[in-house]
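Remember, predicted model here, so these are calculated numbers, not experimental data.
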Amino acid sequence: MSAPFDIMVQLTEAPTLQDKHRLFSGFMEAEYGYIGVNYGLFLDTRSVHAIHNNHLSMRRGLPEEWREIYQRNRFAQDDFGMLMGALSNAPILQSNFYRMLDDGALQPQFARVISGVRDFVSAGIVLPLEMNGLRGIVGLFDPTGDIVKHDARLERDLPVIQALANQLHLCSDWSDQLIAQMGVSEMNLRVLRLKAQGLRVKEILHEIGRDNPKTVDNHMMRLRKVMGTRNDLETMQRAARIGLLKDLDRQKSEDVTRWAERLGLP
């Protein structure tokens, strides 16, 4: 099995988010027994509603039966682990969630989710992540392990696990998932990238073949809603961190070539 440093290098070099997630998950299962590995990105953490409605996620390992129960009962809106991952800065043991459940310390809507997952997860940990101004979460779950032994062992293993999770988050590009899962259109992206180049509204309208000045703001408004941002500057900054502006240099080169042709320049 590869050493942690080798996995960090492989995570950095893996070409897609799916490849990175597969590498990370494989190492977590082989080395630490975590069958279930969830990795998510929060686009907006300003409210509970925003946390549960503006996030992206990739899952691996837990039974489809749990996913069906989770979706059928709309557990996402009351997922206490997700909420704590978005708002907390410290790792949270699955045993702590179960202890709160047994002590009656959870509100009923949170208790129903923790009670449900208990049938499928014996032990685990939720790791909040923060890299490049992007909030993320990794959930690591052992369906059958001894919870006491897990928690005792984790005290030793956590620094390496945390470092690998941080590296996964640092080098991941969520742009394709954002487009696919949140319904961002090609025109949304084109307007965003033109605006990021510093073009004025009239210039953007000319580039996209539109006349109505509200068109640009409508596209930016859609992106603000998806990314949970308050203004265009914040939207462009977050888009750059997520990877939505990764093709900007290439587009700039194409735009320069196109304008040169229009002006008759060599």
Side-chain angles (χ1 to χ4, degrees), residues 1-2 4 7 11 18 20-42 51-52 55-129 136-169:
M1 186 68 196
S2 298
I7 294 296
L11 284 171
Q18 289 86 347
K20 297 175 193 295
H21 187 249
R22 193 179 305 112
L23 274 168
F24 179 80
S25 299
F27 187 81
M28 289 297 114
E29 180 177 355
E31 193 71 17
Y32 304 109
Y34 290 121
I35 304 287
V37 179
N38 296 348
Y39 173 35
L41 177 73
F42 297 107
I51 288 169
H52 292 297
H55 76 278
L56 306 169
S57 61
M58 301 188 71
R59 303 178 179 91
R60 182 177 186 268
L62 290 181
E64 279 302 313
E65 182 184 357
W66 167 241
R67 294 307 313 158
E68 292 170 3
I69 292 172
Y70 190 91
Q71 293 169 0
R72 183 172 66 249
N73 291 283
R74 299 182 179 180
F75 280 167
Q77 61 187 358
D78 298 320
D79 190 327
F80 193 59
M82 182 188 296
L83 182 63
M84 289 298 96
L87 299 178
S88 174
N89 293 318
I92 310 154
L93 289 167
Q94 194 70 27
S95 57
N96 287 342
F97 293 129
Y98 295 155
R99 190 173 300 113
M100 294 173 70
L101 177 67
D102 293 338
D103 291 344
L106 291 172
Q107 296 178 19
Q109 69 271 26
F110 297 136
R112 72 187 187 109
V113 183
I114 300 299
S115 179
V117 75
R118 199 172 200 170
D119 294 332
F120 297 90
V121 173
S122 171
I125 188 167
V126 171
L127 299 173
L129 304 172
I137 183 175
V138 161
L140 301 170
F141 306 110
D142 182 350
T144 59
D146 183 286
I147 196 167
V148 175
K149 290 181 179 179
H150 167 272
D151 290 0
R153 186 193 68 224
L154 191 64
E155 188 173 347
R156 177 199 67 201
D157 296 335
L158 184 56
V160 173
I161 293 173
Q162 184 73 67
L164 290 172
N166 289 343
Q167 184 65 18
L168 171 68
H169 192 46

Step-by-step side-chain contact (heavy atoms from CB on, under 4.5 Å) determination, Phe75 to Val117: CA-CA 10 Å; Phe75 280 167; Val117 75; over 6 Å; no
Validation row: Ile137, Phe42 side chains within 4.5 angstrom (heavy atoms):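 Yes, at least one pair of side-chain atoms sits under 4.5 Å.
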Met100 and Phe110, any side-chain heavy atoms less than 4.5 Å apart: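 No; the side chains remain at least 4.5 Å from each other.
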Go through the structure and list residues passing ring pair (Phe, Tyr, Trp, His ring centres under 6.0 Å) with [X], not counting sequence neighbours.
{"X": "Tyr98", "answer": "none"}
{"X": "Tyr34", "answer": "His150"}
{"X": "His169", "answer": "Tyr39"}

side-chain contact (heavy atoms from CB on, under 4.5 Å) between Ile125 and Ile161, worked out: CA-CA 10 Å; Ile125 188 167; Ile161 293 173; 5.5 Å; no
Pairs flagged by salt bridge (Lys or Arg N to Asp or Glu O under 4.0 Å) wherever residues 96-121 is involved - sequence neighbours left out: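 Counting only pairs at least two positions apart or across chains, the salt bridge (Lys or Arg N to Asp or Glu O under 4.0 Å) contacts touching residues 96-121 are Asp78-Arg112, Asp102-Arg118.
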Any pair counted as salt bridge (Lys or Arg N to Asp or Glu O under 4.0 Å), so long as it reaches residues 140-156, sequence neighbours left out: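 Sorted pair list: Arg153-Asp157.
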Inter-residue atom distance Ile114.CD1 - Leu106.CG, 0.5 Å rounding: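 It comes to 6.0 Å.
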Straight-line distance of Ile35 CD1 to Arg60 CZ, nearest 0.5 Å: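 Going from CD1 on Ile35 over to CZ on Arg60, the span is 8.5 Å.
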Check against side-chain contact (heavy atoms from CB on, under 4.5 Å), Val160 and Tyr32: CA-CA 11 Å; Val160 173; Tyr32 304 109; 3.5 Å; yes
Nearest non-hydrogen partners of [X] and [Y], listed with the distance:
{"X": "Val138", "Y": "Ala165", "value": "CG2-CB, 4.3 Å"}
{"X": "Ser122", "Y": "Ile147", "value": "O-CD1, 3.3 Å"}
{"X": "Pro128", "Y": "Gly85", "value": "CB-O, 3.5 Å"}
{"X": "Phe120", "Y": "Pro63", "value": "CD2-CG, 4.0 Å"}

If you look only at distance, which donor and acceptor atoms sit under 3.5 Å apart when one is on a side chain in residues 23-30 and the other is two or more places apart or in another chain?
residue: Ser25; atom: OG; partner: His21; partner atom: O; Å: 2.7

side-chain hydrogen bond (donor to acceptor under 3.5 Å, both in side chains) partners of Gln109, counting only residues at least two apart: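 So Gln109 forms a side-chain hydrogen bond (donor to acceptor under 3.5 Å, both in side chains) with Gln107.
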Set of residues satisfying side-chain hydrogen bond (donor to acceptor under 3.5 Å, both in side chains) with respect to Ser57, sequence neighbours excluded: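 Arg59.
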Set of side chain to side chain contact (heavy atoms under 4.5 Å, CB included) partners for Gln162, sequence neighbours left out: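 Residues passing side chain to side chain contact (heavy atoms under 4.5 Å, CB included) with Gln162: Pro91, Leu127, Leu129, Asn166.
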Pairs touching residues 63-76 that satisfy side chain to side chain donor-acceptor pair (under 3.5 Å), sequence neighbours left out: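 Sorted pair list: Tyr70-Asp79.
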